[in-house]
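All chains are named by letter (A, B, ...) in the order of the sequence lines, taking the proteins before the strands, and each is independently numbered beginning at 1. Atom set for the values below is all heavy atoms of this structure, side chains included, hydrogens, waters and symmetry mates excluded.
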Amino acid sequence: MVTIERIGEHVGEEAEIRGWLYNMRSSGALRFLLVRDGTGVMQAVAVRSDLPAGVFDAAGALTQESSIIVAGLVREDRRAPGGYEMALRRLEVVQLADPYPITPKEHGVEFLMDHRHLWLRSQRQWAIMRVRAEVERALCRYLDDLGYLRMDTPILTPSACEGTTTLFETPYFERRAYLAQSGQLYNEATAAAFGRVYCFGPTFRAEKSKTRRHLTEFWMLEPEAAYLDLDGYMELAEGLVVAVVRQVLERRRRELEILQRDPAALERVQPPFPRITYDEAVERLRARGATIAWGDDFGGDEETVLSREFDRPVFVHRYPARCKAFYMQPDPARPEVVLGADLLAPEGYGEIIGGGQRIHDRELMERRIEETGLPAAEYQWYADLRRYGAVPHSGFGIGIERTVTWILGLEHVRETIPFPRLINRLYP
RNA sequence: UCCUCGGUAGCUCAAUGGUAGAGCAUCCGGCUGUUAACCGGAGGGUUGUAGGUUCGAGUCCUACCCGAGGAGCCA
């Protein structure tokens with residue numbers, strides 16, 4: 001069996017493709033079957049005079065998305081989409097599909113989301129998912145090559161990783177458990193065991209956010225490293241993002257074309273990324289007319305404005321402590337700000353990475369847990385890490401869907417995950 | 001939770017308070033190089049739900065349901 005992705009290697013040969021009918025056009029004694037097999041789309045040409053009558057009629061009776069096995073001579077042809085086509089010789093109908101709901105015309109978001117299980121078969125979704133997979137592969141490869149060890153962290157957790165945000169709750173025998181919103185705290189433990197680690201998995205947020213950049217279930221990759229400071233973290237994140245974009249440019253050109261994403265915007269993603277302080281970001285926002293007080297966190301609008309000022313991703317570092325989580329290391333030179341940094345993607349996309357240096361001082365950590373009102377008993381193990389060989393360490397989380405949305409220039413994160421979970425969307 | 005917009009054929013959308021329509025999909029027919037093919041014909045409707053105003057409501061009013069975009073929220 002041959003895949004359409006590699007059909008160019010079989011010109012002049014008889015080949016068999018197992019797949020589905022994507023679309024069909026006919027012209028009297030000719031029928032053009034657009035066949036997809038998951039790796040690509042290719043047309044098979046059925047000519048009445050070259051085929052037994054039964055085969056030609058069977059081709060004519062096919063419905064969109066019927067599963068079929070086609071075989072015939074592969075040849076190059078300028079007129080064929082993709083440049084190659086098959087002269088149909090043999091056709092096997094595996095299943096004749098019912099009338100297919102997603103017709104080759106426009107559809108609304110709600111209808112497509114209700115048919116997400118079928119929508120994934122369309123060219124656009126095919127291209128997006130192939131890039132998503134490439135992004136995930138590139139992320140893991142980059143960290144693996146640097147000696148980072150993948151450590152999978154739990155999804156069922158006893159309490160909030162950080163008491164402030166809303167968690168999904170689920171029964172857990174006679175108790176309650178919560179779906180993880182980050183693997184970071186656990187990775188601070190594994191980083192002390194293995195030096196450099198990362199986790200990669202789904203995370204859950206029960207916030208009732210209703211915007212183009214939020215999902216209730218999304219995937220995040222979170223590196224964490226011992227003896228890494230804020231500057232080291234930014235250097236790591238920068239190298240990671242550059243490598244991911246380069247790998248997509250190298251291996252997923254065809255997909256970028258299908259999505260009409262201009263590669264020039266991605267080719268500009270070169271080091272070094274600008275690094276500006278929160279203070280400077282506030283000044284820039286005010287120069288653009290924003291009314292923002294020092295100490296306020298940035299909303300989506302502020303991120304959009306900032307990210308449009310640069311032609312590549314930009315780090316904003318040293319946020320006011322009150323904007324950030326309890327475990328963030330205060331800047332020794334300015335205790336009112338913390339050694340944290342977010343990476344904002346350009347073209348208005350905003351935050352794709354958040355992270356920073358963690359508190360390693362035992363007394364400070366215990367004080368911060370108390371101030372934040374977290375249950376000390378449940379954070380005992382986390383505080384313990386500051387008792388047994390504490391070292392300065394840093395880490396960050398990169399959101400997969402937001403990253404793919406930016407790389408592909410999409411409007412909404414919901415198309416970058418096979419089955420998006422949104423506030424009003426749990427089916428299919 | 002709030003603001004804005006929307007809900008009419010399987011889908012995408014039209015319809016001045018006065019006979020509910022088109023394109024696509026489906027079915028039938030035509031076409032030997034189609035590119036979301038094209039051409040001809042046919043079938044297809046509880047206008048989101050419940051009330052109200054009116055001689056008459058898809059259209060106006062009220063409530064509710066659902067969706068989209070945004071705000072808030074958001075390592």
Distance, [atom1] atom - from [M] to [N], rounded to whole angstrom:
{"N": "B:rU8", "M": "B:rU47", "atom1": "C1'", "value": "4 Å"}
{"N": "B:rA57", "M": "B:rU16", "atom1": "C1'", "value": "14 Å"}
{"N": "B:rA25", "M": "B:rG43", "atom1": "C1'", "value": "13 Å"}
{"N": "B:rG72", "M": "B:rC3", "atom1": "C1'", "value": "11 Å"}
{"N": "B:rU4", "M": "B:rA9", "atom1": "P", "value": "27 Å"}
{"N": "B:rG6", "M": "B:rC60", "atom1": "P", "value": "10 Å"}
{"N": "B:rU59", "M": "B:rG18", "atom1": "C1'", "value": "11 Å"}
{"N": "B:rG58", "M": "B:rG7", "atom1": "C1'", "value": "11 Å"}

(Q) Contact between A:Pro420 and A:Phe218 at the side-chain level, heavy atoms closer than 4.5 Å - yes or no? (A) no

In whole angstrom, what separates [X]'s [atom1] from [N]'s [atom2]?
{"X": "A:Leu112", "N": "B:rG10", "atom1": "CG", "atom2": "P", "value": "17 Å"}
{"X": "A:Phe204", "N": "B:rC73", "atom1": "CZ", "atom2": "P", "value": "25 Å"}
{"X": "A:Lys208", "N": "B:rG67", "atom1": "NZ", "atom2": "P", "value": "13 Å"}
{"X": "A:Asn424", "N": "B:rA68", "atom1": "CG", "atom2": "P", "value": "6 Å"}
{"X": "A:Asp301", "N": "B:rC74", "atom1": "CG", "atom2": "P", "value": "16 Å"}
{"X": "A:Leu88", "N": "B:rG33", "atom1": "CG", "atom2": "P", "value": "18 Å"}
{"X": "A:Leu426", "N": "B:rG67", "atom1": "CG", "atom2": "C1'", "value": "16 Å"}
{"X": "A:Glu207", "N": "B:rU1", "atom1": "CD", "atom2": "P", "value": "16 Å"}

Tightest non-hydrogen contact, residues A:Asp342 and A:Gly354, listed as OD1-CA, 3.4 Å

Is A:Glu224 paired with A:Arg358 through a side-chain N to carboxylate O contact shorter than 4.0 Å?
yes

Whichever of A:Leu422 and A:Phe298 has the more 5' nearest nucleotide on RNA chain B, that residue is A:Leu422

Closest to the 5' end of RNA chain B, once A:Gly354 and A:Arg79 are matched to their nearest nucleotides, is A:Arg79

* To do: Decide whether A:Glu222 and A:Gln184 meet the rule of one side-chain donor and one side-chain acceptor closer than 3.5 Å.
  => no

Numerically ordered, the residues 23-62 of chain A set in heavy-atom contact under 4.0 Å with RNA chain B is A:Asn23, A:Arg25, A:Ser26, A:Ser27, A:Gly28, A:Ala29, A:Leu30, A:Phe32, A:Gln43, A:Ser49

Among [options], which is the nearest nucleotide to the side chain of [X]?
{"X": "A:Glu110", "options": "B:rC74, B:rC66, B:rG69", "answer": "B:rC66"}
{"X": "A:Lys210", "options": "B:rC24, B:rC73, B:rA71", "answer": "B:rA71"}
{"X": "A:His214", "options": "B:rU1, B:rC74, B:rU34", "answer": "B:rC74"}
{"X": "A:Thr103", "options": "B:rA71, B:rC24, B:rC74", "answer": "B:rC24"}
{"X": "A:Thr211", "options": "B:rU1, B:rA68, B:rA71", "answer": "B:rA71"}

Is there a donor-acceptor contact under 3.5 Å from the side chain of [X] to the main chain of [Y]?
{"X": "A:Ser394", "Y": "A:Leu228", "answer": "yes"}
{"X": "A:Ser66", "Y": "A:Leu62", "answer": "no"}
{"X": "A:Gln357", "Y": "A:Asp229", "answer": "no"}

Can you classify the ring geometry of A:Phe298 versus A:Tyr278 as parallel (below 30°), tilted (30 to 60°) or perpendicular (above 60°)? parallel

Measure the acute angle between the ring planes of A:His107 and A:Phe111, then classify it against the limits of 30° and 60° as parallel, tilted or perpendicular. parallel

- Message: Suppose we call a contact any N or O donor and acceptor under 3.5 Å apart; does that hold for the side chain of A:Ser209 and the base of B:rC73?
- Response: yes

Classify [X] by what it touches in the nucleic acid, base, sugar-phosphate, or nothing, heavy-atom distance under 4.0 Å.
{"X": "A:Asp342", "value": "nothing"}
{"X": "A:Gly108", "value": "sugar-phosphate"}
{"X": "A:His115", "value": "nothing"}
{"X": "A:Arg414", "value": "sugar-phosphate"}
{"X": "A:Met113", "value": "nothing"}
{"X": "A:Arg75", "value": "base"}
{"X": "A:Glu85", "value": "base"}
{"X": "A:Pro101", "value": "nothing"}
{"X": "A:Asp297", "value": "nothing"}

Original post:
Looking at A:Tyr319, is A:Arg322 sitting on its ring face, NZ or CZ under 6.0 Å from the six-membered ring centre and within 45 degrees of the normal?
Top reply: no

**Prompt:** Given A:Tyr233 and A:Phe396, is the ring pair (Phe, Tyr, Trp, His ring centres under 6.0 Å) satisfied, shown in steps?
**Reply:** CA-CA 8 Å; A:Tyr233 142 49; A:Phe396 63 94; 5.2 Å; yes

Those residues at least two apart in sequence (or on a different chain) that pass salt bridge (Lys or Arg N to Asp or Glu O under 4.0 Å) with A:Asp114 are A:Arg425

Here RNA chain B, pairs taken as Watson-Crick or G-U under 3.5 Å and shown with ( ), [ ] when crossing and | when to another strand, reads (((((((..((((....[..)))).(((((.......))))).....(((((..]....))))))))))))....

**Report entry** N or O in side chain of A:His107 less than 4.0 angstrom from B:rG10 OP1/OP2
**Finding:** no

